[in-house]
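Here is the structure we will look at, set down as structure tokens.
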Protein chains: 2
Amino acid sequence: MEITQETDYAVRCILYLSRYAGETPIMIETISEEMRIPRSFLAKILQRLAKAGIVQSFRGVKGGFQLKRPPSAISLLDVVEAIEGPVAMNRCTIDPQRCDLSGACTVHPVWQTLQALVVDYLGKTTFDTMMQCRK
Amino acid sequence: MEITQETDYAVRCILYLSRYAGETPIMIETISEEMRIPRSFLAKILQRLAKAGIVQSFRGVKGGFQLKRPPSAISLLDVVEAIEGPVAMNRCTIDPQRCDLSGACTVHPVWQTLQALVVDYLGKTTFDTMMQCRK
DNA sequence: CCTTTCAGGATAATATCAGTCCTGTATAAT
DNA sequence: ATTATACAGGACTGATATTATCCTGAAAGG
């Protein structure tokens, strides 16, 4: 039921980049030190965030990472899903085939409703509202 | 972000026992076969549910398990927490010391609100409303 | 062309998950 | 009392996920 450490790092990372939105790229090294995230692990995380189109990378001298969209256009859901894949409460809400007992299941809609609740809340929580955070 | 297989089994198990609330105890063997849950794993799960006061065990011939309360008094939250411990979205919402960056964090309250949302929903969803389920 | 910085794959330690197995203990029936 | 039955509880195991690290390669800029 918990997000992983990796997701928590990703959120911190985007939070940090939000402070410098519209400025020059920030190096992995800097984010790592400021946000207390292991350097090489952060590199992996930023790759995922780049593939998800949340950040953009620049190589070479003066390289680093920038947000690809303004903080107001990035939700917690975007970041969580970039790292963990689709949010699901139970196996069966993402892959109906994992429901191995036949017939209509009244627990299934309960998980789906909960999932919708979570997705909705994470989706409407954006990084501009969290920017004053120093975590 | 997902519940574990064990929790899913536990929910199915309580769902099955709900059908026979107020009747004679049901053997592990029977629940296992009817609900397609590995027998010895189910034994472990029922031990946890018993310790949490959700089911009651009876030994010897004619032994087995019964709900300790009516299905209307057992919530999904009760079962989830019996298996997984307290529901938390992030490490820091259950143990503030895991928040290794100093100062006020504006992401923290977001996880807490989400957690409260989930706990509230799971808490008000009881097994009497899910009993017609055949999962 | 050479330094810097990211890209991406291989590797590894540890934890958690999912489950089995065996011995022991309580209970009911004989 | 004895015995068969059914749960109690701990030890153990294999697979997978988590949480990283390290190394080689590629792009970009001076």
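Values below: every heavy atom of this structure, side chains too, minus hydrogens, waters and symmetry copies. So that the names make sense, note that chain A is the first sequence line, chain B the second, and so on, each numbered from 1.
Phosphate proximity of dA8(D) to Ser57(B): present, with a side-chain N or O under 4.0 Å from OP1 or OP2. The shortest distance between the side-chain N/O atoms of Arg91(A) and the OP1/OP2 oxygens of dA18(C) is below 4.0 Å. Side-chain nitrogen and oxygen atoms of Gln5(B) include none within less than 4.0 Å of the OP1 or OP2 phosphate oxygen of dC17(C). OP1 or OP2 of dA18(C) has not a single side-chain nitrogen or oxygen of Tyr9(B) nearer than 4.0 Å. Checking the phosphate oxygens (OP1, OP2) of dT16(C), no side-chain nitrogen or oxygen of Thr4(B) falls inside 4.0 Å.
Between the CG atom of Leu42(A) and the P atom of dT21(D) there is a distance of 11 Å, given to the nearest Å. In this structure, CD of Gln47(A) is placed 8 Å from P of dG9(C), rounded to the nearest angstrom. Between the NZ atom of Lys51(A) and the C1' atom of dG9(C) there is a distance of 11 Å, given to the nearest Å. Rounded to whole angstrom, the span from the CZ atom of Arg36(A) across to the P atom of dA20(D) amounts to 15 Å. Atom pair Asp8(B):CG and dC17(C):P shows a separation of 14 Å (rounding to whole Å applied). To the nearest angstrom, C1' of dA8(D) lies 9 Å from CZ of Phe65(B).
For the pair Trp111(B)/Ile3(A), a side-chain contact is recorded, criterion being any heavy-atom separation below 4.5 Å from C-beta on. The side-chain heavy atoms of Leu46(B) and Cys13(B), taken from C-beta on, include a pair separated by under 4.5 Å.
Nearest-nucleotide positions on DNA chain D for Ala50(B) and Arg59(A) put Ala50(B) closer to the 5' end.
For the 3.5 Å distance criterion, the side chains of Thr93(A) and Gln115(A) qualify, holding a donor opposite an acceptor. Ser75(B) and Asp78(B) form a side-chain donor-acceptor contact under 3.5 Å, judged by distance and modelled atom types alone.
Within the nucleic acid shown, Ile28(A) comes within 4.0 Å of sugar-phosphate atoms alone, with no base atom in reach, counting heavy atoms only. Backbone-only contact: Glu6(B) has heavy atoms under 4.0 Å from sugar-phosphate atoms and none from a base.
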CA sep, side-chain torsions, deciding dist, call: Glu6(B), Arg48(B), salt bridge (charged side-chain N to carboxylate O under 4.0 Å, His left out): CA-CA 11 Å; Glu6(B) 190 178 0; Arg48(B) 282 166 181 262; 3.3 Å; yes

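Note: the hydrophobic cluster containing Ile31(A) does not contain Met27(A) (ILVMFWY, side chain heavy atoms under 4.5 Å, direct or indirect links).
With the end axes of the helix from dC1(C)-dG30(D) to dT30(C)-dA1(D) each set by five pairs, the angle from one to the other reads 10° at 10° resolution.
Side chain Lys44(B) to base dG10(D): a donor-acceptor pair is found below 3.5 Å.
Ring centroid separation for the pair Phe58(A) and Phe65(A) does not come in under the 6.0 Å cut-off.
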